[in-house]
There are 2 protein chains.
Amino acid sequence: MRRVRRRGLAHEAADRIRESILDGRVSPGSPLREVELAASLDVSRGSVREGLAVLEREGLVRSEWHRGARVMDLRSRDVDEVYTVRAALDRLATLSAASRIVPAQLAELESLVQAMGRALEGDADGLTLIALDLAFHDRVYAIADNSRLTDAWHGVRSQVRLIQLTRIEHDQAHYRDLLVGEHHELVRLMSRGPSEALARAAEEHVDSARRALIHLLGQAPRGR
Amino acid sequence: MRRVRRRGLAHEAADRIRESILDGRVSPGSPLREVELAASLDVSRGSVREGLAVLEREGLVRSEWHRGARVMDLRSRDVDEVYTVRAALDRLATLSAASRIVPAQLAELESLVQAMGRALEGDADGLTLIALDLAFHDRVYAIADNSRLTDAWHGVRSQVRLIQLTRIEHDQAHYRDLLVGEHHELVRLMSRGPSEALARAAEEHVDSARRALIHLLGQAPRGR
DNA sequence: TGTTGTCCCAATGTCAACATTTGTACATCG
DNA sequence: CGATGTACAAATGTTGACATTGGGACAACA
């Protein structure tokens with residue numbers, strides 16, 4: 001049996017605040033005041049504070065000494081950073097997963113890809129596609145079964161989600177073209193075990209999204 | 001001017017506790033009681049609590065609900081995870097740094113390598129070598145100039161430090177053979193810009209250390 | 001004798017009050 | 001009139017007290 005995990009109010013508070021950010025109810029840049037949140041969540045400031053610390057390590061929130069916390073405002077440079085790191089993590093996750101994956105897990109991934117296909121044909125909204133995309137990659141990280149790797153992934157995951165949210169119209173176009181094809185190819189390569197081709201595909205899968213986003217956001221983020 | 005960074009008691013407390021762990025004054029597995037620490041550091045339990053949360057995100061401390069925090073006890077499996085993730089991060093950091101590095105920074109890295117050589121000839125203790133090794137890689141991450149990457153690095157850095165500490169006699173042997181040579185080679189390759197050879201060297205630099213540690217610790221950590 | 005239930009204590013989780021800092025508006029001075 | 005200093009309000013940082021939980025010792029029971 002999987003033992004129940006009791007987490008306390010701080011994590012609960014973090015979940016609620018994360019939701020309201022990722023649902024777009026509070027926009028990037030807006031302040032997250034401890035007293036306000038404590039009142040609206042009906043917990044003490046201490047718990048809110050601890051929850052905000054959780055969100056800060058996820059990169060969703062930025063806080064400064066005696067100046068409080070604000071919803072992270074992700075600019076072009078930040079998108080570049082997040083996707084660059086994600087590419088490196090995904091490369092490792094995909095390779096590790098490929099060396100440990102069993103047929104049942106391959107089938108599970110493939111069924112997620114098919115769900116993407118159905119969602120596209122059914123003209124599903126962007127949120128559904130984003131959810132399926134993240135679910136796929138979450139599964140890959142779970143299969144890789146490396147808690148440090150998962151922690152590092154969680155350090156950028158929420159930011160990826162936030163970027164996708166704010167660029168949702170773009171993502172829909174991007175998804176429509178490549179979502180099923182690229183993921184299917186990843187599964188196919190994973191079924192053959194780790195390889196240089198798989199490593200490249202995993203990196204490229206993320207990097208093409210990065211390039212598209214950077215292009216969309218206007219200019220090169222750094223002095224390249 | 002680099003503006004001063006005021007951080008509050010929680011970070012100060014985290015620093016002190018981290019020191020006592022990394023200095024070996026508290027051994028892996030031992031409990032870190034909030035009241036004890038609060039008394040000995042002369043701050044409130046709240047600040048200690050926040051400090052322990054910082055150390056938890058660094059992977060130095062593991063805490064469970066209503067059961068308190070303990071110094072992380074790193075077993076074979078954990079060493080494997082940490083070094084596997086570190087290899088992926090170092091690969092990216094080294095490639096990114098290579099594409100941005102300027103001559104002055106190359107010289108700085110090379111001078112660190114020479115310091116390693118002098119330390120080895122002067123029969124310095126293991127702690128000095130560990131410090132120089134980490135200083136070198138910290139510089140590479142700083143040159144890569146990607147805050148998400150640096151955050152991810154900080155998520156494993158302290159654990160690397162802890163592993164090196166507990167295996168210090170082994171590391172000295174490992175260092176004596178490869179320290180100067182491998183780092184010098186990394187600098188040389190970086191001076192020529194990013195390349196597949198550099199990527200492999202950076203990965204292999206970490207992975208050889210991983211293999212040596214795993215071998216030392218006895219058995220294969222996972223079902224490979 | 002092994003198992004179950006109860007009590008108790010130590011430690012953490014939570015809270016609300018107090019202290020400190022920051023930013024701003026306004027007064028003061030050169 | 002611009003620069004500097006001061007007072008105040010709003011928010012966070014810090015603290016000690018109270019509530020809740022987990023684990024172990026011990027007794028009751030089959």
Original post:
Do the rings of A:His183 and A:His205 sit parallel, tilted or perpendicular, given the 30° and 60° boundaries?
Top reply: perpendicular
Original post:
Charged N to carboxylate O under 4.0 angstrom, B:Arg75 versus B:Asp78?
Top reply: no
**OP:** Scan nucleotides 9-15 of chain C nucleotide by nucleotide, 5' to 3', and note B when protein non-hydrogen atoms come under 4.0 Å of the base, S if they reach only the sugar-phosphate, - if neither.
**Re:** --SBBBB
Original post:
So how far is it from B:Asp145 CG to B:Ser99 OG, rounded to the nearest 0.5 Å?
Top reply: 10.5 Å
Original post:
Do the charged groups of B:Arg18 and B:Asp15 touch, with an N to O distance under 4.0 Å?
Top reply: yes
**OP:** For residues 124-134 of chain A, pull every pair meeting salt bridge (Lys or Arg N to Asp or Glu O under 4.0 Å), keeping only residues two or more places apart or in separate chains.
**Re:** none
